[in-house]
Amino acid sequence: MAVPIIELREISKAFPGVQALDRVSFEVREGEVHALLGENGAGKSTLIKILTGAHQPDSGTILLRGQPITIPDTRQGLKLGIAAIYQELSLYPDLTVAENIFMGHQPSNRFGMVDWRQMQQRARALLHELDADDLDVTRPVRGLSVGNQQRVEIAKALSHDARILIMDEPTAALTQHDVERLFEIVRRLRARGVAIIYITHRLEEVFLLADRVTVLRDGRVVGTTLEVSQTNQAELVKMMVGRTLDTLFPKDPAIPGEVVLEVRNLSYGRTTRNVSFTLRRGEIVGLAGLVGAGRSELAQVLFGITPAQSGTILVEGKEVRIRNPREAMALGIAYVPEDRKLQGLLLPMSVRENTTLAVLRQLLRYGFVDHQAESRLTQEYVDRLQIRTPSLMQQVANLSGGNQQKVVLAKWLAAKPRVLILDEPTRGIDVGAKAEIHRLMNALAHQGMAILMISSELPEVMGMSDRILVMRQGSIVAELDRQSASQEAVIAAAMGASELHLV
């Protein structure tokens, strides 16, 4: 068998109070896609940082083509042909595509000045390899779609002649079209002999792309590396979470109560057009549709971020006006946004401070926040939602994605809403945390909460919804009940190819 292009043997790394990696052995071969799986906190990020030179191992050996090496920093990692593309892209938005691709190693002429013409030619050649000839290398990155920005990141890695490419959650923010283009790029790179370490929470991607898979749990390799053809999703889930998940979607049949929220002919610009629907106590209504269909925009209208220009909103049968989020909150409407880091949390602040943001007025005593009451309330939701944090004063920036999402939920549940709008509630979190969020949603619905769930993951929509509303071009074009819904019907309605009953 060929020598792995890179191999880690018995790698350990500890941080204060945490054993991040414990004698981890891992290898990647030329021309293979090796999936690296594990819950948030399993050690994947630490492993990546050791491979790229951002962290140094406490013990163990790294071998490149069979020869022991050290990687003292990320610059040396790039010189060795190891590059990483992270979920949060690191481009300079006001510089051009070519300038971003060659940042830090621009070609120069004989006078020592940047050779702009050569840089643009080489940038075009790299993008041609990625079937991205449509990208203008002289255009600033700022105006590019996320998918095109990601192609720039991949070209940047290839400009360093990367032979080992680490891709961390590369499809998390992509449209389905961009996902398919990315998969084609990955296959092209594999055919060229590039070794790809592919990290994802979407198990279906493992079986579409990967050759082998390694699972981490609590800083250790679980079992051995497996050939993808010899495993299945159920086995991988059990390896990741240490237990069998009976179902990822623990949805009990709902017994809907009275109508809590009703909208009639709601409109805002081109993104929300004559939308009408009802939402009852105790039910979860899924809002499906393609990216750009207007789902998040509808949620923002309902929460008063972009107040409706026309139409009617009724809460428990009473007509209301929602001109801003404060009025929505007063009516018992809560909104968990799609981007928890930018819109849902104050990352430098603590778990306690974030949890009580929506109810601070209730915690005032003589004009000052009662910190004891604040701590009691926070602890109640930390226990209820099983938020894993070393203390209530831990910065939320240091929590895993799943626990950050639970803090956002805790913030709104503390306000005791009647209507909970969840926009992509499980995006970017691991399979164990997904199951916990789904169980919480199910429990809240049984307690009488009305939930509107927006999700781009069709299995989640199918698994958790009592009814499904499908949006297209700002309008609701179909309504399906749980029994008659199918993924094919939802996709057909979203694409405008359905003969389903229009609502």
Side-chain angles (χ1 to χ4, degrees), residues 40 86-91 93 142 145-146 149 169 171-175 201 268-269 271-272 286-287 289 291-308 322-361 378 381 385 387 389 394-415 417 419-429 433-434 437 440-441 444 449 451-457 460 471 474:
N40 290 330
Y86 296 99
Q87 182 177 345
E88 296 175 358
L89 304 179
S90 57
L91 299 173
R142 182 180 295 281
S145 68
V146 175
Q149 288 186 33
E169 292 290 346
T171 64
L174 298 186
T175 65
H201 288 315
Y268 177 83
T271 59
T272 304
L287 196 57
V291 172
R295 298 167 302 162
S296 296
E297 290 81 359
L298 173 59
Q300 290 165 12
V301 170
L302 293 172
F303 196 59
I305 297 171
T306 51
I322 302 176
R323 292 164 293 193
N324 53 59
R326 184 185 297 275
E327 292 182 349
M329 291 165 60
L331 292 165
I333 300 173
Y335 172 49
V336 175
E338 177 180 12
D339 192 328
R340 58 179 170 267
K341 290 186 176 181
L342 288 179
Q343 301 169 317
L345 295 167
L346 296 174
L347 294 177
M349 294 174 66
S350 69
V351 171
R352 186 181 77 180
E353 290 164 327
N354 274 275
T355 300
T356 58
L357 275 174
V359 293
L360 271 180
R361 288 179 178 273
T378 303
Y381 284 96
L385 275 60
I387 299 171
T389 177
Q394 172 79 344
Q395 283 188 350
V396 292
N398 296 326
L399 299 182
S400 68
N403 285 303
Q404 287 180 349
Q405 187 72 343
K406 289 180 184 179
V407 172
V408 181
L409 283 165
K411 175 181 70 176
W412 289 114
L413 294 181
V419 175
L420 180 61
I421 303 171
L422 299 172
D423 195 351
E424 303 289 358
T426 63
R427 172 170 288 175
I429 64 177
K434 280 187 177 184
I437 297 292
L440 176 63
M441 290 169 58
L444 292 171
M449 191 173 293
I451 298 176
L452 181 65
M453 179 192 69
I454 301 166
S455 177
S456 298
E457 296 188 24
E460 182 170 62
M471 289 194 73

Go through the structure and list residues passing side chain to side chain contact (heavy atoms under 4.5 Å, CB included) with [X], not counting sequence neighbours.
X: Ala299; answer: Tyr335, Ile421, Ile454
X: Gln149; answer: Leu89, Leu91, Val141, Leu144
X: Met329; answer: Phe303, Ala358, Trp412

Considering non-hydrogen atoms only, spot the tightest contact between [X] and [Y] and give its length.
X: Ser456; Y: Glu424; answer: OG-OE2, 2.5 Å
X: Ala410; Y: Tyr381; answer: CB-CB, 3.8 Å
X: Leu331; Y: Ile322; answer: CD1-CG1, 3.7 Å
X: Arg295; Y: Leu287; answer: CD-O, 3.6 Å
X: Glu338; Y: Ser296; answer: OE1-OG, 3.6 Å
X: Leu345; Y: Gln404; answer: CD1-CB, 3.7 Å

Measure the spacing between [atom1] of [X] and [atom2] of [Y] and express it to the nearest 0.5 Å.
X: Leu413; Y: Lys406; atom1: CG; atom2: NZ; result: 12.5 Å
X: Asp423; Y: Leu298; atom1: CG; atom2: CG; result: 10.0 Å
X: Lys411; Y: Leu346; atom1: NZ; atom2: CG; result: 7.0 Å
X: Leu347; Y: Asn354; atom1: CG; atom2: CG; result: 7.5 Å
X: Leu302; Y: Gln300; atom1: CG; atom2: CD; result: 10.0 Å
X: Arg340; Y: Arg427; atom1: CZ; atom2: CZ; result: 9.5 Å

Residue pairs fulfilling ring-ring contact (aromatic ring centres under 6.0 Å, His included) with at least one residue in residues 336-360, sequence neighbours excluded:
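Qualifying pairs: none.
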For Lys434, all residues meeting side chain to side chain donor-acceptor pair (under 3.5 Å), sequence neighbours excluded
Glu457
Partners of Glu460 by side chain to side chain donor-acceptor pair (under 3.5 Å), sequence neighbours excluded?
Thr426, His438, Ser455
Any side-chain heavy-atom pair from [X] and [Y] closer than 4.5 angstrom?
X: Thr306; Y: Glu297; answer: no
X: Leu422; Y: Leu409; answer: yes
X: Pro307; Y: Asn324; answer: no

Could you tell me whether a side-chain N or O of Gln405 sits under 3.5 Å from a main-chain N or O of Pro425, the two making a donor and an acceptor?
yes
Using side-chain contact (heavy atoms from CB on, under 4.5 Å) as the criterion, point out the one residue from Ile333, Leu452, Val336 that pairs with Leu420.
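When Ile333, Leu452, Val336 are each tested with Leu420, the side-chain contact (heavy atoms from CB on, under 4.5 Å) holds only for Val336.
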